[in-house]
Amino acid sequence: MIDVVVTTWIGVIGILALGPLVSKLRWGLIGLALPIGAGIVVSVALTMLAIGVPFSVIAVLALATITAGAMSTATVGVRNALLGVRSRWAAVVVAVHLVVGVVVHLVHLTRLTVDSVRYLMTANALQSTGALDAANPWDLRMRHLVAPLLHTGGVVDGAGYSATVTPLFAVSGFVAVGWMAWQFFDRRAVTLRTRWWLLGSMGVLLVTTNRFVYHAFYVNGHMFFAVFALVAIGLAALAAADGDWRLIVPAAVALAAIVPLRPEGLLAVAVLIVPALATHRIPYVQRWLLLIPTIVTAVLWNGVIWPTFAIDGDLGVFGPVYGNLFVAAGLAAGLGLLALPSVQRVGRWGPVAFAGVLAAYLGVSVIAEPDILRASLSAFGANIAVEGLWGTTWWVLALLLGTAWVMTRSVESTLLLVPIPTFLLAVFAFAYLRDGAYRVGTGDSANRMLTHIILVAALAILAAVAESIDKAAAEAAPTESDVAAELPEAA
Amino acid sequence: MTPADRMAARFTRYVIVLALVGGVANLGGELAVPAESRSIRAHSSGSLGAILADEQPHVRERYQLYGRLRDLTDGATIVVPRDLLDVDTLELIAGLDVEIAPNRRRITEGKLRLLPDGAESDVTEPTVGSSELYPYTIALASDDPDRLLVYLTRRTNTILIVDPPTAAAMELP
């Protein structure tokens, strides 16, 4: 049960870091504390590994707690640094973590595959040696750091894995979708009854989806990705809609945590973040704030794994390491160019240009090897239809996303909707990067990657409904000229 | 009610109804699967060994094998059940992509071949599994013996897989 304590501690780190926002977040703290705490833990552990400080779970948690406290202090001062911890919502977060932790230890629903074992072996190596030296270099390059790191709590108590962390991420993601949607509902004229119907029906769709529940218990990184992506893009969209730029900091923490999560992490971050970097609705400085942690993390992580590529020289470092650094440099250069007035005018086409680059890469690759795309599309279709065990979920979401795309124009809808088709484009481009077609079955990579965007898709639909209702209310409200026409002449 | 009102109301209903119908269909599909065949089911215990035994018995054996190999010192030997000797196992135990040559004739003739670090592989037959080949390691599967010896040299990341007679001839520890 040490893993329950460790996961709860990570949640408390998140509460501490989110202290300055606690009056705004309220019950949203239940959804955001764990992913933000985990994001800080990832940053601290990665820094330790990069500079050669021996790793231990206790040291990482202690340093992450100090870091979260420093973040809070820097924002609201020493006297208010514990705002988050003193909040009554902090007690609720801890209670939820403990209850979920105890329940998952009673029901034993954890799912494992060969991939899971490889993550756990890296976790084992990390905890037993205090460094990544003993980790399997191939696994390090293919499986990366975040999932092993978040399972070290379970390694400490001898269980070999953390039964708690993935289910709690799923619960956090579920609550975070609800809280973020509620914020969009608050901004629009959505009645209480409609809100509950919308959240309830979307909740039913998610919890009856075999793959969503499976990934909530599966020892792998997919649920972590889904929740980090939701928190990053959801908070950025809320910030852009509300003008509350304090939300950019947790968004940036969650975004950076995706980089050392999977081999395509940085490219996936680019897919998610380009619309936010391109919009003038977020001030230029805030956009840099959103991007910088990702750039720093990319440099640190690729610095950590570069020697493993250098030793196995035949693999080459160009694709995996230089490729990632090239993407990081491209994001920074793109945002840098947006400082130029002439570029600002065309900046809103940034997401289209990025999708165009992906499409061009895919197009050239298809000309060279059409069979990979043909087989991938066939497998992807079969997986969506039946074999991938998504049930009706992606059919329903695709219909609703298509409608949302047509009906919405707001900045929040743009930030939430645009990454979804770009992500699908990127998934097929990845087929060529990994040099092999996708397969039919639940274990296929593309089928698993659909988990990464399911929470963003759910939030995008709910935000689109709020926008459509608000539009209707705005049109129904009397205009100034209507009011003037109604007034008596003498007045 | 304005056209925008009607559109918004229709979209809201559309979302609620589709999500609920989709959810009910998902649940129906899940309940139609026999309990013992469901991909989400409870294990008897939460221990890693119990879950692996229940869900991934072959993974459990490999994991145990890996645990034993990790504790070996240079030059030690360990017996590996033949049915565990495949590409996945070899990747697990040493982190190397290994090619299993289908040319078993050499083994039966007692001519174990081990390529030194950096040497080119001369295996021309189709290989099993892995797309990336580390040129410094080659493992040859044996034809006959039920159990094979793995000789692990951590310093050079080299695995020798030999049949017991060959191992005896090589005077492995």
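Chain A is the first sequence line, chain B the second, and so forth, proteins listed ahead of strands; every chain is numbered from 1.
Heavy-atom pairs under 4.5 Å with chain B peak, among A:N210, A:L389, A:V396, A:I461, at A:N210. Among A:V104, A:T403, A:L397, the residue with the largest count of heavy-atom pairs under 4.5 Å with chain B is A:T403. Annotation: maximal heavy-atom pairing with chain B below 4.5 Å, among A:L198, A:I469, A:L106, occurs at A:L198.
Smallest separation of non-hydrogen atoms from A:T392 and B:G22: OG1-O, 2.9 Å.
At a 4.5 Å heavy-atom cutoff, the contact between A:L399 and chain B is made by backbone and side-chain atoms alike. Contacts of A:R211 with chain B are made by side-chain atoms alone, with heavy-atom separations under 4.5 Å and no backbone atom involved. Contacts between A:W390 and chain B at a heavy-atom distance below 4.5 Å involve the backbone alone (N, CA, C, O). For A:V465, the parts lying under 4.5 angstrom from a heavy atom of chain B are both the backbone and the side chain. Contacts of A:A159 with chain B are made by backbone atoms alone, with heavy-atom separations under 4.5 Å and no side-chain atom involved. Using a 4.5 Å cut-off between heavy atoms, A:A466 does not touch chain B at all.
Distance check: B:H43 NE2 to A:L112 CG gives 6.5 Å after rounding to the nearest 0.5 Å. Residue A:I305 holds its CD1 atom at 10.0 Å from CG of A:L132, rounded to the nearest 0.5 Å.
The backbone N or O of B:S47 lies less than 3.5 Å from no partner atom in the side chain of A:Y161, so there is not a single donor-acceptor pair. In this structure, A:T191 contributes its side chain and A:T194 its backbone to a donor-acceptor pair below 3.5 Å.
Looking at A:N447 and A:T442, their side chains never bring a donor and an acceptor atom within 3.5 Å of each other.
Note: A:Y218 and A:H222 have parallel aromatic rings, judged against thresholds of 30 and 60 degrees for the angle between ring planes.
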